[in-house]
Chemist: 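This is the structure I want to talk about, given as structure tokens.
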Amino acid sequence: MLRIIKLILQFVVLLLATLALITNNFHFLPYLTVALAALTLIIGLAEYEKGRKVYANINLAASIILVFVFFQLFIFS
């Protein structure tokens, strides 16, 4: 189940990043940040299931930082 969600989120992140780079339209940047935060959260959960707690904690910390960045982007844009 995590693998399917991970593949979908990877596609969404790639699509939004490509759209922003090609069109120079950065209005979708907060949504890209949320998708990236969700992706790192899913990767962290998958790493935790594999027993790699150090990598899981790093991914979970990155996810929390990305959520904070999302709120900053959402408030100031």
Side-chain angles (χ1 to χ4, degrees):
M1 184 66 180
L2 288 178
R3 186 173 183 176
I4 296 170
I5 295 171
K6 187 171 116 176
L7 286 173
I8 292 170
L9 285 172
Q10 287 173 344
F11 178 72
V12 169
V13 167
L14 184 66
L15 181 70
L16 287 174
T18 305
L19 179 69
L21 286 174
I22 290 175
T23 63
N24 285 335
N25 184 4
F26 298 105
H27 294 327
F28 295 113
L29 193 59
Y31 305 114
L32 175 64
T33 308
V34 167
L36 195 58
L39 180 61
T40 55
L41 178 68
I42 295 299
I43 290 172
L45 292 175
E47 292 293 323
Y48 187 74
E49 283 184 352
K50 292 178 185 176
R52 301 184 213 167
K53 293 184 181 179
V54 174
Y55 295 120
N57 290 335
I58 291 171
N59 281 314
L60 293 175
S63 178
I64 292 169
I65 291 170
L66 284 169
V67 168
F68 177 73
V69 169
F70 164 71
F71 284 120
Q72 292 293 321
L73 286 172
F74 191 71
I75 290 171
F76 294 120
S77 65

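All residue numbers in this chain count up from 1 along the given sequence. The model shown is predicted, which means the values in this text are computed figures rather than measured ones.
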Chemist: Would you check, one step at a time, whether the test side-chain contact (heavy atoms from CB on, under 4.5 Å) holds for L2 with E49?
Modeler: CA-CA 10 Å; L2 288 178; E49 283 184 352; 3.7 Å; yes

Chemist: Would you say V67 ends up clustered with F74 if hydrophobic residues are merged whenever their side chains have heavy atoms under 4.5 Å apart, either directly or through other cluster members?
Modeler: yes

Chemist: Taking all non-hydrogen atoms of both residues, which atom of Q10 and which atom of L39 are closest, and how far apart?
Modeler: CG-CD1, 3.8 Å

Chemist: When rounded to the nearest 0.5 angstrom, what is the spacing between CG in N59 and CG in L66?
Modeler: 10.0 Å

Chemist: Tell me whether L73 is reachable from F28 by hopping between hydrophobic residues (I, L, V, M, F, W, Y) whose side-chain heavy atoms are closer than 4.5 Å.
Modeler: yes

Chemist: Working to the nearest 0.5 Å, report the span between NZ of K6 and OG1 of T40.
Modeler: 12.0 Å

Chemist: Give the cluster check for M1 versus I42: same hydrophobic cluster or not, with ILVMFWY residues linked at side-chain heavy-atom distances below 4.5 Å.
Modeler: yes

Chemist: Ignoring hydrogens, what is the shortest heavy-atom contact between G44 and A56? Give both atom names and the distance.
Modeler: O-CB, 3.3 Å

Chemist: Can you give me every donor-acceptor pair (side chain of residues 30-37, partner residue at least two apart or in another chain, under 3.5 Å) with its distance?
Modeler:
unit_1	atom_1	unit_2	atom_2	d
T33	OG1	L29	O	2.8

Chemist: Report the distance from atom CD1 of I58 to atom OG of S63, rounding to the nearest 0.5 Å.
Modeler: 13.5 Å

Chemist: Using a 3.5 Å cut-off and no angle test, enumerate the donor-acceptor pairs between side-chain atoms of residues 12-26 and protein atoms at least two apart in sequence or in another chain.
Modeler:
unit_1	atom_1	unit_2	atom_2	d
T18	OG1	L14	O	2.7
T23	OG1	L19	O	2.6
T23	OG1	N25	N	3.3
N25	OD1	H27	N	3.3

